[in-house]
Amino acid sequence: MSTFRSVRGMRDFLPEEAKIMRYIEAKARKTAELYGYKEIITPVVESYELLAAKAGEEVRLRMYAFKDLGDRMVALRPEFTPSVARLVATTLRNEPRPFRLFCVGSLYRYDEPQQGRYREFWQSNFEVMGSNKPEADAEIIMLTNSLMESVGLKNYTLKVGHVGVLRGIFNQEKMDEKTENQVMQLMDRKQYDDAFRLVEEAGASKKCITTLQELIELKGYKVFDIVEKMRKSVEKYKQSVAAVENLQEILKLVFESGCKINMRLDAGFARGLEYYTGIILEIYVPELDIALGGGGRYDRLIELFGGESTPAVGIAHGIDRIMLAMQKQNVTLQKEEKKNVMVIPAKDELKGEALKIANLLRNAGILVEVEVMGRKISKALEDADRRKIAYAIIVGGRELKEDAVMLRNLMKRQQNVIKIEKIAEKIKGDCS
Ligand code: HAM
């Protein structure tokens with residue numbers, strides 16, 4: 001059977017791409033460490049009910065959901081946030097707050113495959129749980145900036161909004177939560193006419209529509225000017241005024257921290273997931289029109305899962321899309337220069353010696369491959385050259401009698417006989 005292919009929307013990562021994915025993951029893990037986020041590992045399969053609770057229609061309809069053999073309705077996780085919230089609502093419920101939790105792994109959504117949109121994708125996910133203070137929101141912005149900077153991306157912009165401003169209006173208009181969520185979904189897809197129609201049908205006031213119309217026009221990089229305009233626009237809606245103030249405080253803290261992230265405030269911005277209650281965020285680069293990451297504050301999810309009232313804020317960065325952005329921006333990976341070595345036995349009887357030398361070098365921290373194809377020295381050297389290996393060690397009978405081997409520098413095309421005990425030192429010395 002030679003016709004098997006990967007399933008639509010699923011990808012293989014060949015070594016070059018796998019390396020970039022892991023590089024980004026390592027940078028995310030480093031960021032987590034720098035900011036005090038502890039890693040947790042949660043299951044790929046969760047109960048459907050948990051994942052569907054506040055996912056929003058967009059994600060809910062695209063879940064890989066099925067009954068397991070025990071007749072339980074389960075799904076492959078489309079995001080990490082419900083799993084982390086579940087843990088905080090249950091196992092971790094009596095632990096001291098705040099929780100700073102980090103996850104990384106694969107997620108599954110039956111999205112329409114296209115550039116940057118896959119059915120299996122990867123996120124690094126950061127959640128702070130237990131704080132309702134603006135400094136927690138500011139921290140999420142700062143760590144996103146740190147991550148983007150550390151992978152080498154340029155010209156990225158953080159799109160910022162505040163769901164509390166919109167929810168404040170809808171609450172005062174006595175709109176039910178279902179309609180409220182539908183309106184926000186439509187706004188998220190920029191289907192404003194449909195959104196306003198729904199608002200009208202729900203019996204909201206004229207004032208409500210004009211306020212929403214004003215808000216969707218308010219956007220730009222002069223975030224504090226826009227905040228002032230938002231405040232004026234929503235002055236009749238008490239909860240919304242408080243939300244604007246919260247937004248202002250967060251933005252002020254980000255500026256005070258010295259974090260130089262480019263922010264673009266968009267007062268009519270909404271996101272598909274239904275659990276958001278406060279600030280919402282998405283990160284973009286000019287080369288792509290899809291978000292590299294998204295998140296926000298969600299103060300009621302843990303309670304909804306039966307836990308204590310626990311305000312929370314978090315963000316997930318799409319590792320696949322970060323890779324795509326790095327490729328578009330021609331970012332080169334900063335690498336630790338580690339030279340690799342190929343050990344080639346000159347004849348069959350010396351295979352054991354070759355393996356022994358390889359082990360010795362690995363124990364000294366050197367990257368070693370052994371020739372395993374039984375090729376002649378010249379063919380093995382050709383292969384080492386093609387794969388840009390830095391050194392070849394040729395294990396020959398004559399040199400071995402002197403406890404030595406031939407060390408060949410494949411870049412400089414020089415070779416010398418060297419005592420086995422000196423190889424590691426020599427290679428490391430060459431690299432430094
Ligand atoms: P989200 O906006 O649904 O948020 O996803 C976050 C990021 O995951 C997106 O910005 C994108 O980079 C990546 N992503 C999503 N779907 C796909 C896909 N089909 N293919 C490739 N990449 C994709 C969440 O998942 C929330 N849980 C974030 C959050 C954490 N909010 C609070 N805490």
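Values below: every heavy atom of this structure, side chains too, minus hydrogens, waters and symmetry copies.
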**Considering all heavy atoms, the nearest I394-A346 contact** = CG2-CB, 4.5 Å
**Request:** Kindly indicate whether the side chain of V160, heavy atoms from C-beta on, has any atom under 4.5 Å from the side chain of F269.
**Result:** no
**Sub-4.5 Å side-chain heavy-atom contact between F66 and L76** = yes
**Request:** Report the C-alpha distance between L292 and Y156 in whole Å, list the side-chain angles of each, state the deciding distance to 0.1 Å, and finish with yes or no for side chain to side chain contact (heavy atoms under 4.5 Å, CB included).
**Result:** CA-CA 9 Å; L292 303 193; Y156 48 87; 5.7 Å; no
**Prompt:** Can you tell me if N340 uses its side chain to pair, donor with acceptor, with the backbone of A390 under 3.5 Å?
**Reply:** yes
**Item:** Closest contact, heavy atoms only, A358 versus V368
**Value:** CB-CG1, 3.7 Å
**Message:** Using 0.5 Å steps for rounding, measure from the CD1 atom of I418 to the CD atom of E425.
**Reply:** 8.0 Å
**Asked** Quick check: does any side chain N or O of E371 sit under 3.5 Å from a backbone N or O of G374, one acting as donor and the other as acceptor?
**Response** yes
**Asked** Any side-chain heavy atom of R297 sitting closer than 4.5 Å to one from I140?
**Response** no
**Message:** Return the CG to OG1 distance between D299 and T277, rounded to the nearest 0.5 Å.
**Reply:** 3.5 Å
**Message:** Do R62 and Y110 form a cation-pi contact, if we require the NZ or CZ to be under 6.0 Å from the six-membered ring centre and within 45 degrees of the ring's axis?
**Reply:** no
**Message:** Are more than 12 heavy atoms, taken from residues, nucleotides or ligands other than R72, located less than 6.0 Å from that residue's CZ atom?
**Reply:** no
**Request:** Could you tell me the separation between the NE2 atom of H317 and the CG atom of L143, rounded to the nearest 0.5 Å?
**Result:** 6.0 Å
**Request:** Give a yes-or-no answer on whether the side chains of E139 and Y37 include a donor-acceptor pair shorter than 3.5 Å.
**Result:** yes
**Prompt:** So do V88 and L101 actually touch side chain to side chain, heavy atoms under 4.5 Å?
**Reply:** yes
**Request:** Output the distance between atom NZ (K422) and atom CG (D403), rounded to the nearest 0.5 Å.
**Result:** 12.5 Å
**Prompt:** N416 and Q414: side-chain donor and acceptor closer than 3.5 Å?
**Reply:** no
**Message:** Set out, in order, the CA-CA distance, both residues' side-chain angles and the distance that settles side chain to side chain contact (heavy atoms under 4.5 Å, CB included) for S146 and L34, then state yes or no.
**Reply:** CA-CA 10 Å; S146 298; L34 287 172; over 6 Å; no
**Prompt:** What do you reckon, is CD of E16 surrounded by more than 12 foreign heavy atoms closer than 6.0 Å?
**Reply:** no
**Request:** For residues M342 and L410, determine if any side-chain heavy atom of one lies less than 4.5 Å from a side-chain heavy atom of the other.
**Result:** no
Could you pull out every donor-acceptor pair under 3.5 Å between side chains of residues 300-312 and any protein atom, sequence neighbours left out?
from : atom 1 : to   : atom 2 : distance (Å)
T310 : OG1    : R97  : NH1    : 2.8
T310 : OG1    : E308 : O      : 2.7

**Prompt:** Checking S124 side chain against A28 main chain: does a donor-acceptor pair fall under 3.5 Å?
**Reply:** no
**Message:** One thing to verify: whether E382 and R375 come together as a salt bridge, which I'm taking to mean a side-chain N less than 4.0 angstrom from a carboxylate O.
**Reply:** no
**Request:** In sequence, state the C-alpha distance, the side-chain angles, and the governing distance for D320 and F13, and then conclude on side chain to side chain contact (heavy atoms under 4.5 Å, CB included).
**Result:** CA-CA 10 Å; D320 312 67; F13 294 102; 3.8 Å; yes
**Atom pair OG1/CE of T31 and M142 - distance to nearest 0.5 Å** = 12.0 Å
**Asked** Just wondering, are more than 12 heavy atoms of other shown residues or ligands nearer than 6.0 Å to CZ in R5?
**Response** no
**Message:** Rounded at 0.5 Å granularity, tell me how far CG in L50 sits from OG in S83.
**Reply:** 6.0 Å
**Prompt:** With K260, which residues qualify under salt bridge (Lys or Arg N to Asp or Glu O under 4.0 Å), at least two apart?
**Reply:** none
**Prompt:** Side chains of Q123 and E79: is there a donor and an acceptor less than 3.5 Å apart?
**Reply:** no
**Prompt:** Side chain of E180, backbone of R167: donor and acceptor closer than 3.5 Å?
**Reply:** no
**Request:** Would you mind checking if R408 and D385 are paired as a salt bridge, meaning a charged N to carboxylate O distance below 4.0 Å?
**Result:** no
**Asked** Below 4.5 Å, heavy atoms only, C-beta onward: do E249 and E135 meet side chain to side chain?
**Response** no
**Main-chain N/O of T42 paired with R77 side-chain donor or acceptor, under 3.5 Å** = yes
**Item:** Heavy-atom donor-acceptor pair, Y23 side chain to V151 backbone, under 3.5 Å
**Value:** no
**Trace of the ring pair (Phe, Tyr, Trp, His ring centres under 6.0 Å) decision for Y35 with F126** = CA-CA 10 Å; Y35 282 79; F126 295 74; 7.9 Å; no
**Prompt:** Charged N to carboxylate O below 4.0 Å: is that the case for D383 and R387?
**Reply:** yes
**Electrostatic pair E25:R22 at N-O distance under 4.0 angstrom** = yes
**Message:** Would you say that more than 12 heavy atoms from the other residues, nucleotides or ligands in this model lie under 6.0 Å from the NZ of K159, or not?
**Reply:** yes
**Request:** May I ask you to decide whether R362 forms a salt bridge with E369, counting only side-chain N to carboxylate O separations under 4.0 Å?
**Result:** no
**No-hydrogen, no-angle side-chain donor-acceptor test under 3.5 Å, E120 and Y64** = no
**Item:** Salt-bridge criterion met for E33 and K30 (N-O under 4.0 Å)
**Value:** yes
**Request:** Decide side chain to side chain contact (heavy atoms under 4.5 Å, CB included) for F170 and L212; before the verdict, give the C-alpha distance in whole Å, the side-chain angles of both, and the deciding distance to 0.1 Å.
**Result:** CA-CA 10 Å; F170 299 143; L212 290 176; 3.9 Å; yes
**Request:** Check S6 against D12 and note the closest heavy-atom contact, atom names and distance.
**Result:** CB-OD2, 4.2 Å
**Request:** With the side chain counted from C-beta on, respond yes when I261 and M148 share a heavy-atom pair under 4.5 Å apart, and no when they do not.
**Result:** no
**Asked** For P113 and R8, which heavy atoms make the closest approach, and how far apart are they?
**Response** CD-NH2, 3.5 Å
**Fill in**
Closest non-hydrogen contact found for A270 with M187 is CB-CB, 4.2 Å
**Item:** Y48 side chain vs E46 backbone, donor-acceptor pair below 3.5 Å
**Value:** no
**Request:** Please examine the side chains of R119 and E112, heavy atoms only from C-beta on, and report whether any two atoms are closer than 4.5 Å.
**Result:** yes
**Item:** K219 atom NZ, neighbour heavy-atom count above 12 within 6.0 Å
**Value:** yes
**Asked** For atom CD of E17, is the number of surrounding heavy atoms from other residues, nucleotides or ligands below 6.0 Å larger than 12?
**Response** yes
**Fill in**
Correct closest heavy-atom pair for I344 and A392 would be CD1-CB, 4.2 Å
**Complete:** Between I279 and the options V165, I250, V163, the side-chain contact (heavy atoms from CB on, under 4.5 Å) test singles out I250
**Asked** Does D68 CG have over 12 foreign heavy atoms under 6.0 Å away?
**Response** yes
**Message:** I'd like to know whether NZ of K419 has more than 12 heavy-atom contacts from other residues, nucleotides or ligands below 6.0 angstrom.
**Reply:** yes
